[in-house]
Amino acid sequence: MIPRNLFKRANNELEGRQVAEEFVEPTQTCPDCGVETAVTELKDNLEVCPKCGHHFRMNSRQRVELIADKDSFVEICPGMESVNLLDFPDYDEKLRSSKAKSGESEGVIVGEAAIGGHACVMFVMEPEFMIGSMGTVVGEKITRGFELALEKGLPVVGFTVSGGARMQEGILSLMQMAKTSGAVKRHSDAGLLYIVVLTDPTTGGVTASFAMEGDIILAEPGALVGFAGPRVIEQTIRKKLPKGFQTAEFLLDHGFVDAISPRSGQRDMLINLLALHSGAQAPKNEEV
Amino acid sequence: MDAYEKVLAARAKGRPTAMEYINGIFTDFQELHGDRRYGDDGAIVGGIGRLCGIPVTVIAQEKGSSTKDKIARNFGSPNPEGYRKALRLMKQAEKFHRPVICLVDTSGAYPGMGAEERGQGLAIAENLMEMMTLRTSVISVLIGEGGSGGALALAVSDEVWMMENSIYSVISPEGCASILWRDAKKVREASQCLRLTAEDLLEMGVIERIIPESDKDFGTAYMLLQTWLKKAIDDRKDVPVDELLEKRYRRFRKFGSNE
Ligand SMILES: [Zn+2]
């Protein structure tokens with residue numbers, strides 16, 4: 001049994017300090033249950049609502065920290081930046097503000113990493129950078145990730161979050177769907193493993209390319225995953241979509257994802273899947 | 001014609017749709033229905049015919065001509081079973097060493113409930129992947145509208161051509177205008193920004209050829225298409241398949257590799 005006063009003492013200390021500094025902790029309201037949670041508490045809880053389990057969006061660096069072995073992530077082409085190829089109105093400003101908001105140079109980070117000791121290539125899309133929309137740089141970095149994994153014979157573990165193709169790059173963003181799919185296919189044809197985790201939201205051109213091309217497709221609870229966005233569908237069919245349409249659970253029901261992967265056990269699930277493909281024996285049979 | 005006029009021309013009433021191209025270019029065409037999984041999608045016509053005597057597989061998006069036909073074809077917006085039928089026929093073409101010719105004309109893959117329930121994203125993604133390594137030559141021609149991923153799912157090819165008054169875009173100019181300026185009426189401006197005309201796309205290296213539309217009944221256009229398609233297929237007849245696939249990969253790999 002844990003002595004009660006242990007918690008009590010810690011609590012009192014914390015409360016005491018808060019009062020002294022008149023510190024007001026910023027909070028975030030859960031869209032599912034409406035409960036407010038302190039931002040720091042949310043962060044400690046992997047950006048998951050402690051009341052109902054709602055998975056908030058998580059930035060790419062935080063994900064790498066959660067999934068990859070400590071300090072194992074070595075980023076490739078880290079500073080690659082988009083240019084306004086079509087001279088599209090307001091795009092330069094959009095790129096500037098997205099960089100400032102996310103602290104990233106583009107909508108995905110890619111690198112070599114280890115997960116539970118299994119070497120792999122990881123890509124993680126960034127929700128704060130134009131909701132991970134796919135332009136030429138996102139397409140290029142993901143393609144290079146698969147090409148590197150092919151060259152080194154490594155599996156790929158990827159996390160998608162995307163509003164779709166990046167309109168501001170016109171047809172060149174559409175071409176990224178073909179480009180990335182080609183790279184996934186070559187990696188796959190070499191007998192290599194690709195695990196993808198769909199996170200909220202994954203839609204449009206990313207869903208219609210590498211998000212749906214994994215050997216194993218996992219999805220975070222409640223994530224919106226679809227080709228057409230819900231609003232576009234509602235405008236087309238002129239009625240409201242039923243609750244839960246295009247959620248991860250809906251996709252599971254319809255046979256399009258292998259499993260729902262809550263953040264708390266996600267790293268372990270990935271390690272198990274990587275181990276099952278590594279040719280190594282399960283730990284209990286291993287001679288130490 | 002400015003970009004917006006091209007958009008209007010590509011969608012114009014009375015513009016020939018895929019079936020007319022098929023009748024104008026190929027002989028002995030036999031339509032083959034169904035995806036062997038769920039159903040038969042009227043928005044995509046597939047079959048085998050002859051191009052100057054050579055058997056080829058033809059896959060085309062058909063918008064329909066009469067009102068009744070348009071409804072039966074869902075105005076050329078495919079559902080997943082349409083893309084799966086296309087893939088089935090491409091695999092069949094690969095087995096029998098037939099070249100594949102795709103005619104693209106869609107405002108986009110259908111954004112409906114059933115489409116989502118049956119995996120629209122997956123269906124398109126599988127086509128992109130499989131077309132990239134399909135072991136036979138593939139040529140795609142945009143004949144009207146090339147709407148986003150729904151068009152690309154028939155255009156991962158050795159060469160992509162466009163009719164003079166066709167368009168190819170990641171988003172409709174209306175959609176772009178409403179996102180960008182919250183004003184769907186600014187279609188003309190959006191059409192220009194998107195660089196969706198055949199001339200623009202040729203300049204950007206996204207397509208290899210523009211087919212002139214010199215006459216109203218398209219007779220000359222069909223003749224030109226027939227000649228060029230035949231030549232494109234002949235040119236690839238003796239190319240080793242691995243070389244063909246490497247070139248196809250590079251064709252798409254080059255977009256946006258600028259650093
Ligand atoms: Zn909650």
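Please read these numbers as outputs of a predicted model, since none were measured by experiment. Convention: sequence-line order gives letters A, B, ...; per-chain numbering from 1. Any value given below was found using the heavy atoms of this structure, including those in side chains, with hydrogens, waters and symmetry copies removed.
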Has [X] got more than 12 heavy atoms of other residues, nucleotides or ligands less than 6.0 Å from its [atom1]?
X      : atom1 : value
A:K94  : NZ    : no
B:K185 : NZ    : no
A:R231 : CZ    : no

Tell me, side chain or backbone of [X] under 4.5 Å from chain B's heavy atoms, or both, or neither?
X      : value
A:I233 : both
A:D253 : neither
A:A211 : neither
A:L251 : neither
A:Q176 : side chain
A:E213 : both
A:E147 : side chain

Quick one: what part of [X] sits under 4.5 Å from any heavy atom of chain A, side chain, backbone, both or neither?
X      : value
B:M131 : neither
B:L201 : side chain
B:S148 : both
B:I171 : side chain
B:R251 : neither

Shorter than 4.5 Å, heavy atoms on both sides: which option in [options] has the most such pairs with chain B?
options                        : answer
A:G204, A:S181, A:G255, A:G79  : A:S181
A:A183, A:G229, A:A165         : A:A183
A:T180, A:L172, A:D87          : A:L172
A:Q235, A:M212, A:M167, A:R166 : A:M167
A:Q168, A:E169, A:M175         : A:M175
A:S82, A:P89, A:G139           : A:P89

Member of B:V104, B:I210, B:L229, B:I143 meeting the side chain to side chain contact (heavy atoms under 4.5 Å, CB included) criterion with B:W161: B:L229
Qualifying residue, where the test is side chain to side chain contact (heavy atoms under 4.5 Å, CB included) with B:R250 and the options are B:R248, B:K254, B:E246: B:E246
Below 4.0 angstrom, N of the basic side chain to O of the carboxylate: do [X] and [Y] qualify?
X      : Y      : result
B:E159 : B:R209 : no
B:D158 : B:K247 : no
A:K239 : A:E234 : no
B:D69  : B:K63  : no
B:E94  : B:R88  : no

Any donor-acceptor N or O pair under 3.5 Å, side chains B:Q61, B:D105: no
A:E126 versus A:S60, side-chain donor and acceptor atoms under 3.5 Å: yes
Using a cut-off of under 4.5 Å for heavy-atom pairs, which of [options] has the most such pairs with chain A?
options                        : result
B:Y249, B:Y168, B:F252         : B:Y249
B:M113, B:R195, B:M132, B:Q120 : B:M113
B:V206, B:D200, B:V156         : B:V206

Aromatic ring proximity, centroids under 6.0 angstrom, A:F250 and A:F245: yes
Chain B-proximal positions within residues 97-112 of chain A [heavy-atom distance under 4.5 Å]: none
B:D40 and B:K85, any side-chain heavy atoms less than 4.5 Å apart: yes
Please list, one pair per line, the donor and acceptor atoms closer than 3.5 Å that link side chains of residues 191-201 of chain A to other protein atoms, with sequence neighbours excluded.
from	atom 1	to	atom 2	distance (Å)
A:Y194	OH	A:F210	O	2.7
A:T199	OG1	A:T160	O	2.7
A:D200	OD1	A:L224	N	2.8
A:D200	OD2	A:R57	NE	3.4

Axial cation check for B:Y38 ring with B:R84, 6.0 Å and 45° limits: no
